[in-house]
Structures are given as C-alpha cells and as structure tokens.
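Here the structure comes first, spelled out in structure tokens, and everything after it is commentary.
Starting from 1, each residue takes its place in the sequence as its number. Order of appearance sets the numbers: ligands from 1, and atoms from 1 within every ligand.
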Amino acid sequence: MSPADQPAMRKKMLAVLEGKTFASPPMWLMRQAGRYLPEYREVRAKAGSFLDLCFNPKLAAEVSLQPIRRFGFDAAILFSDILVLPHALGQKVSFEEGHGPRLEPALSETSIGDYERFQFDRLSPVLEAVELIKTALPAETTFIGFCGSPWTVASYMIAGSGSKDLSAVRLFAFRHPVAFARLIDTLVSASIDYLAAQAEAGVEVVQIFDSWAGLLPPDQFEAWCIEPTVRLVEGLRARAPSLKIICFPREAGSKLKSFTQRVRADGLALGTAEDVGVVRSQLGSKAVLQGNLDPLSLVAGGRALEDGVRRVREAFGGAPHIFNLGHGILPETPISHVERLIQLVRAK
Ligand code: CP3
C-alpha cells in the first residue's frame, strides 16, 4: 500500500465501499442531522427558514458536524436538501411546518422550458459548507454528499409538493413524454455538475436518493429511474473518477437486479421493506449493501430495537455492509435509543 492510500484506509466506510468486510460494520444514519437532536433544533430556530439554514455555510457545517461530535458515526453527511436543485433551476422552494415542501409554480408542459437554466452560483453556499466540514472532520470520518435522483426531484417539481402516490408526475409523464424527458435531461446534467462540484470541494462519497423509485411499474422504472441514473453515474464518473457512489432506489424490490446490472454504483442502499436475503441471493456476496433497520424500531427501542439490529447484522453479515436505517431517522426518536443502537452495532 502506498503512503497516499493510508489515510483512506483508516476510513472504515471507504474500505467497505472497496469490498472489505468488518466484524462490526461502519455506520451512519440517513437524516442523522435533524430534529431529533436538541442542538439541531436550537440552530434551526435561529437560522430563519429551512432554506436559510441550508444556504448558511457556517450553520449548515455546524449541523452536519453535530451528530459526529455527539455519536462518533463513521460518516458525516452534508446538511442540505434534495430540493436545492429545483431552487437553482428557478423554482421557488419553501418548507412549511407540518406541510412539507412547496415548489412554486408547479411545472406545466409549457413552463418546463423556463426551468432549464442551472444557476450554479445559487448553490455556492452549499459548496462553502462542504469545505468547512471537510477541514473539521476527524481523520477516520468519511464525508458523504448527495442529491436526489432525477425522477424523485422531478416528482416534486411537477406536483409542487410531496405526494403519496405520485399520480401527478406519473400522469404528466404519460401525457407529455417529450416535455418530461426534457426535464429529466435537465436534472441529469445539473446533478452531474452539482455532485462533481461537491467532490471537488471535498466529499468522498455521494448518495443518490431515489425515494420514490419503488412506486414505478417496470417499464417506467426502466425509463425514469434506471436510464437517467445510468447517465448520471457515468457522467459523474468521467468528472470525478475516485468518487464513490451509493444509489438508493428505495423499495425497488424485484427491480433491484436490473438496476444493479445497468447502474455501476459502488454501493446499494436498501429500504426498510427489502428482503436482504433475496437481494443477496440475486446480487451475490460481493455487492456492497447499506441498510436497512426499520426507523420505527429505533423509535420503539427495547426488544424491537435489539431484535431488529440482530436481524440486520445476521442478514448482511459476512459480506460488505454499511449499517444504516431503511429510511430517515424520525424526529421523535429518543437519543438514548440511538446510543443503544450504536452499542449494539459496535459490539463484536
Ligand atoms: O441526512 C441528513 O442528515 C442530511 C440532510 C438531508 C435532509 N434532507 C435535511 C432535511 C437529506 C439527505 C435530505 C434528503 C431528502 N429531502 C429526501 C430524500 C430522502 C428521503 O427522506 O426520502 C427527500 C425526499 C427530501 C425532501 C424533503 N425535505 C421533505 C419531504 C421534507 C419535509 C419532511 C420533513 O422531514 O420535514 C424536507 C425537509 C427536511 N430536509 C428537513 C431536514 C432536516 C426537516 C426540516 C426542518 O428541520 O425544518
């Protein structure tokens, strides 16, 4: 091993992404910077709006580092949101307490063309935050950046809000396939630029969050999830060859096999409902998997948590594994349960 490799090898999560296996897996939690932490709520209260927090480099860096200081997770994730990209494409993005995100105006067939210019400078505070976090992280902590997948981000841009069954965006794609494909193209290209810039500023891994991949029937999954993700990953690899890429096509189930055959990711994150045994038998023991404890078992604690962690460790054991939840940590999660989780995962 050359000396230049040594710092990287101290990072357990990077080693797993290169195929190494550990008796106790490296761990981080999706949404680990967030409302379950009192120190986050304190910063959030003085930041103004949620987007003000995302675009304040010092405060965004501070909340990214909070879970590392408190829990010593193996990886820090940049504090931001997948919806900063629609903001940089010109949509007005806001978050209302109890309502989730709002994007205005919701895109129509005729207005899509007005949202194709990527105003990259609108994201420069995020890249400043990346630089601040990078210099403050412990040597053993891996640094993760992220974006949303084109499909998931498009679903918010078309609906103008979150939606349960994605009927607005799926209907739009049926009615206006050409306009929708243009929006997806815009998002692929902006996401490549954005993630390449995050890599240049200091992230070592990126995760592509496709929260709504699982709701697509197979032919639409191929057109709107796999195909754009292939282009995103290939484009990004050409720009940032040493960057590690994790994909999270949430709850893709039986479609995971075709996803991994086409998308050259370094790791695959599994949602809560995935059957890890089935995924392993389809993908083999070399696939690097991340996941997938039920976030509700972490809220419940006690027996539910202990059984859940044991099941996850057994199911993923003996192959490269990054311990995580199957979706984001919930705001009502008690901190003592997170502490217990860490003890259970780190026990040999
Ligand atoms: O993981 C982390 O700690 C990094 C930060 C992060 C946030 N959002 C912060 C956030 C990440 C990685 C995301 C990703 C994200 N954002 C996804 C993909 C993952 C998933 O959960 O499926 C999606 C779909 C979004 C869009 C989004 N942002 C929604 C639907 C909401 C509202 C729901 C909610 O939890 O309030 C947000 C707001 C948001 N993003 C919050 C945080 C901490 C809460 C807002 C607040 O603190 O006021």
Is any side-chain N of the basic residue among [X] and [Y] closer than 4.0 Å to the acidic one's carboxylate O?
{"X": "Glu128", "Y": "Lys58", "value": "no"}
{"X": "Arg346", "Y": "Asp74", "value": "yes"}
{"X": "Asp185", "Y": "Arg231", "value": "yes"}
{"X": "Arg182", "Y": "Glu116", "value": "yes"}
{"X": "Glu39", "Y": "Arg70", "value": "yes"}
{"X": "Arg280", "Y": "Asp275", "value": "no"}

Lys11 (side chain) donor-acceptor with Thr141 (main chain) under 3.5 angstrom: yes
How close does the nearest protein non-hydrogen atom get to [atom], and which residue and atom is it?
{"atom": "atom 10 (C) of ligand 1", "value": "Phe50 CZ, 3.3 Å"}
{"atom": "atom 17 (C) of ligand 1", "value": "Ile82 CD1, 3.8 Å"}
{"atom": "atom 11 (C) of ligand 1", "value": "Phe146 CZ, 3.6 Å"}
{"atom": "atom 4 (C) of ligand 1", "value": "Leu78 O, 3.4 Å"}
{"atom": "atom 24 (C) of ligand 1", "value": "Tyr156 OH, 3.2 Å"}
{"atom": "atom 1 (O) of ligand 1", "value": "Arg31 N, 2.7 Å"}
{"atom": "atom 37 (C) of ligand 1", "value": "Phe95 CE2, 3.4 Å"}
{"atom": "atom 16 (N) of ligand 1", "value": "Asp81 OD1, 3.0 Å"}

Taking only heavy atoms of [X] into account, list the atoms of ligand 1 that are under 4.0 Å away from them.
{"X": "Phe79", "result": "9 (C), 43 (C)"}
{"X": "Tyr40", "result": "43 (C), 46 (C), 47 (O)"}
{"X": "Ser211", "result": "18 (C), 19 (C), 20 (C), 22 (O), 24 (C)"}
{"X": "His327", "result": "20 (C), 21 (O), 22 (O)"}

Of all pairs that satisfy salt bridge (charged side-chain N to carboxylate O under 4.0 Å, His left out), the ones with a partner from residues 332-345, not counting sequence neighbours: Glu306-Arg340
Residue pairs involving residues 187-202 (criterion salt bridge (charged side-chain N to carboxylate O under 4.0 Å, His left out); sequence neighbours excluded): Asp193-Arg239
Parallel, tilted or perpendicular: ring planes of Tyr156 versus Trp212, cut at 30 and 60 degrees: tilted
Given Glu222, Glu234, Glu227, the one that forms salt bridge (Lys or Arg N to Asp or Glu O under 4.0 Å) with Arg262: Glu222
What do you reckon, does [X] have a nitrogen or oxygen under 3.5 Å from a nitrogen or oxygen of ligand 1?
{"X": "Ala33", "answer": "yes"}
{"X": "Thr152", "answer": "no"}
{"X": "Trp28", "answer": "no"}
{"X": "Arg44", "answer": "yes"}
{"X": "Gln32", "answer": "yes"}

Shortest reach to atom 35 (O) of ligand 1 by a heavy atom, considering only Gln66, Arg35, His99: Arg35
Min heavy-atom dist Pro101 to ligand 1 below 4.0 Å: yes
Ligand 1 contact by Trp212, heavy-atom criterion under 4.0 angstrom: no
Proximity of Ser80 to ligand 1 by residue part, where a heavy atom lies under 4.0 Å: backbone
Which segment of Arg250 sits under 4.0 Å of ligand 1 when only heavy atoms are counted: neither
Pair His87 + Phe55: ring centers closer than 6.0 Å: yes
Phe180/His176 aromatic ring centres below 6.0 Å: no
Closer than 4.0 Å: a protein non-hydrogen atom to atom 33 (C) of ligand 1: no
Residue pair Ser111 / Ser108, side-chain donor-acceptor N/O under 3.5 Å: yes
